[in-house]
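What follows is a set of notes on a single structure, which appears directly below.
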Amino acid sequence: MRQKGHRHGRTVSPCAGCKLLRRKCVKDCVFAPYFPAKEPYKFAIVHKIFGASNVNKMLQELSENHRSDAVNSMVYEANARVQDPVYGCVRTISSLHRQLETLQTQLAFAQAELNHIRTLHRIDTKLQPYTASTVTFPSNKDFYSDVDMAFVYEDGARDSLWSC
């Protein structure tokens, strides 16, 4: 059922819209640029959800530079509505919104942690002259020799606690 087309004098098949609607594809067909014959599923799903008449009205009300985006949007929404008849693309949008909020919260925590680490690093670099390597602690032997830990009994006898 090929006909001599209106596009450059070649033989072409009707667009997907006209083919599905079983009508002749005219020269100024509003569906032809957006629903090519090679992609019949696009028009079929949009027609099933929105109806050909409504799609035709929407496309004619838009300027030609916005029609392509509108068709892409209708195809996306129609696919979403087939997969989820109740919520359609609203479920996807809500899910993406929740993911965005979660990621923003995670980013805020990561930035706060990074700021905390930077603050600690700044404090650490200011205290560098007083690090543990420059401070000396007495050894146990030095400590025990300086302290006399002995018990003195009533009879005057001494008992040393440390046997160093």
Side-chain angles (χ1 to χ4, degrees), residues 7 15-17 19-20 29-154 157-164:
R7 298 172 194 107
C15 69
K19 193 171 190 174
L20 184 73
C29 176
V30 72
F31 299 135
Y34 313 106
F35 299 105
K38 293 180 181 179
E39 299 174 338
Y41 57 90
K42 282 175 62 175
F43 185 79
I45 196 159
V46 169
H47 171 60
K48 179 179 179 181
I49 300 300
F50 298 107
S53 177
N54 290 330
V55 174
N56 187 15
K57 287 177 193 174
M58 283 188 268
L59 291 177
Q60 288 187 358
E61 288 178 6
L62 292 172
S63 62
E64 286 192 32
N65 58 340
H66 291 107
R67 288 179 183 177
S68 180
D69 291 336
V71 168
N72 289 337
S73 180
M74 283 187 275
V75 170
Y76 181 82
E77 290 182 38
N79 279 318
R81 186 63 64 179
V82 167
Q83 291 174 4
D84 187 350
V86 176
Y87 294 105
C89 64
V90 172
R91 183 174 301 238
T92 304
I93 292 168
S94 297
S95 173
L96 291 173
H97 185 69
R98 282 190 303 275
Q99 286 178 356
L100 179 64
E101 288 175 342
T102 300
L103 291 172
Q104 286 174 333
T105 303
Q106 290 174 354
L107 178 62
F109 279 125
Q111 287 173 334
E113 186 176 4
L114 183 60
N115 287 335
H116 179 69
I117 291 170
R118 284 180 181 155
T119 304
L120 290 178
H121 180 67
R122 278 190 223 118
I123 292 171
D124 188 37
T125 56
K126 289 178 184 176
L127 298 177
Q128 223 169 17
Y130 307 105
T131 59
S133 62
T134 61
V135 178
T136 57
F137 296 99
S139 66
N140 285 347
K141 189 173 187 179
D142 293 338
F143 178 73
Y144 296 139
S145 64
D146 291 345
V147 178
D148 185 16
M149 297 290 287
F151 290 106
V152 179
Y153 296 103
E154 289 178 12
R158 289 176 60 104
D159 188 13
S160 179
L161 256 171
W162 310 110
S163 57
C164 298

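- Formation of a donor-acceptor pair under 3.5 Å by the Asn56 side chain with backbone atoms of Ala52 is not found in this model.
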Check step by step if side-chain contact (heavy atoms from CB on, under 4.5 Å) holds for Thr92 and Tyr76.
CA-CA 11 Å; Thr92 304; Tyr76 181 82; 3.4 Å; yes
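- Residues forming a side chain to side chain contact (heavy atoms under 4.5 Å, CB included) with Val82 (at least two apart in sequence, or on another chain): Ile45, Ile49.
- Between His121 atom NE2 and Thr119 atom OG1 the span is 11.0 Å, to the nearest 0.5 Å.
- Between Tyr87 and Asp84, the shortest heavy-atom contact is N-OD1, 3.4 Å.
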Where do Met74 and Leu59 land on the side-chain contact (heavy atoms from CB on, under 4.5 Å) test, with the steps shown first?
CA-CA 11 Å; Met74 283 187 275; Leu59 291 177; 4.0 Å; yes
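- A side-chain donor-acceptor contact under 3.5 Å links Thr102 to the backbone of Arg98.
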Check: residues 105-118 side-chain donor-acceptor pairs under 3.5 Å, at least two apart:
residue	atom	partner	partner atom	Å
Thr105	OG1	Glu101	O	2.9
Asn115	ND2	Gln111	O	3.4

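- Listed here is the closest heavy atom pair of Pro36 and Ala16: O-CB, 3.4 Å.
- For the atom pair CD (Gln99) and CD (Gln104), the distance works out to 12.0 Å, reported to the nearest 0.5 Å.
- For the pair Phe35/Leu20, no side-chain contact is recorded, criterion being any heavy-atom separation below 4.5 Å from C-beta on.
- Expressed to the nearest 0.5 Å, how far CZ of Arg91 lies from CG of Leu96 amounts to 13.0 Å.
- Taking each heavy atom of Cys29 and Cys15 in turn, the nearest pair found is SG-SG, 3.7 Å.
- The stretch residues 30-57 participates, sequence neighbours left out, in these salt bridge (Lys or Arg N to Asp or Glu O under 4.0 Å) pairs: Glu39-Lys42.
- Panel note: side chain Arg81, backbone Val86; a donor-acceptor pair is recorded below 3.5 Å.
- In terms of heavy atoms, Phe50 sits closest to Ala78 at CE1-CB, 4.1 Å.
- Contact of the Phe43 side chain with the Lys19 side chain is not registered, since no non-hydrogen atoms from C-beta on lie closer than 4.5 Å.
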